[in-house]
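The shown structure was predicted, so the numbers you read here are calculated from the model rather than taken from an experiment. Within every chain, numbering begins at 1; the chains are lettered A, B, ... in the order of the sequence lines, protein sequences first and strands thereafter.
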2 protein chains.
Amino acid sequence: MSIPAARDKFRKFLTQKGLRVTNQRLAIFDAAFAQKNHFTAEQLLDYARVIDDSVSRATVYRTLPIMTESVLLREVDIGTGEKFYHPNQEGGSSQVAQVVCLDCDRIFEISAPFMEWYGNTVSSKLGLTPVTQRLQVSARCDTLRMTGTCPRRAS
Amino acid sequence: MSIPAARDKFRKFLTQKGLRVTNQRLAIFDAAFAQKNHFTAEQLLDYARVIDDSVSRATVYRTLPIMTESVLLREVDIGTGEKFYHPNQEGGSSQVAQVVCLDCDRIFEISAPFMEWYGNTVSSKLGLTPVTQRLQVSARCDTLRMTGTCPRRAS
DNA sequence: TTGTGTGCAAAATGTTTGCAAATCA
DNA sequence: TGATTTGCAAACATTTTGCACACAA
């Protein structure tokens, strides 16, 4: 899905929910979809303020759940205290794992189709039905360890 | 490993690290190992104060990392803001997944031996070496949905 | 017009830290 | 003795909320 299409989906989602299409919400959307990597609420505030300097921290925090609910954004919690967000370009399969590089702090999204099977297997033994599942790997950079430089640092 | 053995391991760990064996630290240990389910720092403070009412919140927060480092306690972050802890009775394999029941808020620890394979597979594609991995499933109680009562609520 | 959305600042939450007094080795 | 540990309260970091004003429908 292209960014204009996503923007349109966002507007439609707001309208259909009886929410208003405000400049701030659009600025936050634009800021989010201009990002290549994962970002925090605070970073998104900075980005959004470049587009519209009237955007406040409160509005960012109030808009993020809306964008998450509309499946335009994916929320990622890697246990660092702050939440990360990521534009959800595709349909929005939840069968995605994260690999977090401890050296460059980058988060990689990796397809993990077997997660659903695992969730079902393990939950059914407990008499539970899985709702969500998450798989996260934290790892160290091989190249950095061997050569002293992380190839991804540069890019 | 029995509780007395674990207690002994804790004392040895402290001494060997040049840390002191204080009443507060022992009270916190005893409180932690008396728990059946996962607990938070705040809950542990309450439990420890029953044993020794001089225990403060700060000491609990300062002791938890020590007990985690000594592999007597396992830290579990399920993305709810607060961290949970759990006595690590066995050797301490990190190949454990958590199933969190959204209805009774209980956390179940489940062996997940394939996680290591997965971490290696996915990380190597990125030129990374896995350090830790976590797999968490959130689920709903079947019995509660069908009969209106959660069998685990009672116990 | 009017009720939703906004910015601001204060509150809430979970955790960490500075410091003087207490205590273990 | 003397350095480590403690309790207290203040500091922190992130997120949430109350309220009066602004603005989209």
Participant: Just the rounded figure in Å: distance from P of dT6(D) to CG of L45(B).
Facilitator: 13 Å
Participant: V50(A): what forms a side-chain contact (heavy atoms from CB on, under 4.5 Å) with it, not counting sequence neighbours?
Facilitator: none
Participant: Please report, rounded to the nearest Å, how far the P atom of dT5(D) is from the CG atom of L14(B).
Facilitator: 9 Å
Participant: Figure out the CG/P separation between D53(A) and dC8(C), and round it to whole Å.
Facilitator: 10 Å
Participant: Would you say T63(A)'s side chain and T59(A)'s backbone share a donor-acceptor pair under 3.5 angstrom?
Facilitator: yes
Participant: May I have the distance from Y85(B) (atom OH) to dG14(C) (atom C1'), rounded to whole angstrom?
Facilitator: 10 Å
Participant: Please table the atom pairs, donor to acceptor, closer than 3.5 Å between any side-chain atom in residues 108-118 of chain B and protein atoms at least two apart or in another chain.
Facilitator:
unit_1, atom_1, unit_2, atom_2, d
E109(B), OE1, R74(B), NH1, 2.9
E109(B), OE1, Q98(B), NE2, 3.2
E109(B), OE2, H38(B), NE2, 2.6
W117(B), NE1, T121(B), OG1, 3.2

Participant: Given atom CZ of R57(B) and atom C1' of dT16(C), what is their separation to the nearest angstrom?
Facilitator: 12 Å
Participant: Could you tell me how far apart L19(A) (CG) and dA25(D) (C1') are, to the nearest whole angstrom?
Facilitator: 13 Å
Participant: Is D103(B) salt-bridged to R140(B), going by a charged N under 4.0 Å from an acidic O?
Facilitator: yes
Participant: Side chains of R20(B) and T15(B): is there a donor and an acceptor less than 3.5 Å apart?
Facilitator: no
Participant: Starting at NZ of K83(B) and ending at P of dT15(C), how long is that distance when rounded to a whole Å?
Facilitator: 7 Å
Participant: Considering just the side-chain nitrogens and oxygens of Y61(B), establish if one lies under 4.0 Å of OP1 or OP2 belonging to dT15(C).
Facilitator: yes
Participant: In whole angstrom, give the distance that lies between atom CD of Q43(A) and atom P of dT14(D).
Facilitator: 10 Å
Participant: Nearest to the A41(A) side chain among dT15(D), dC8(D), dC8(C), which nucleotide is it?
Facilitator: dT15(D)
Participant: What are the two closest heavy atoms between D142(A) and L128(B), and how far apart are they?
Facilitator: OD2-N, 3.5 Å
Participant: Both R62(A) and G18(A) contact DNA chain C. Which one's nearest nucleotide lies toward the 5' end?
Facilitator: G18(A)
Participant: Quick check on contacts: within residues 20-34 of chain A, what sits under 4.0 Å from DNA chain D by heavy-atom distance?
Facilitator: R20(A), V21(A), N23(A)
Participant: For the residue pair A6(B) and L72(B), what are the closest heavy atoms and their distance?
Facilitator: O-CD2, 3.8 Å
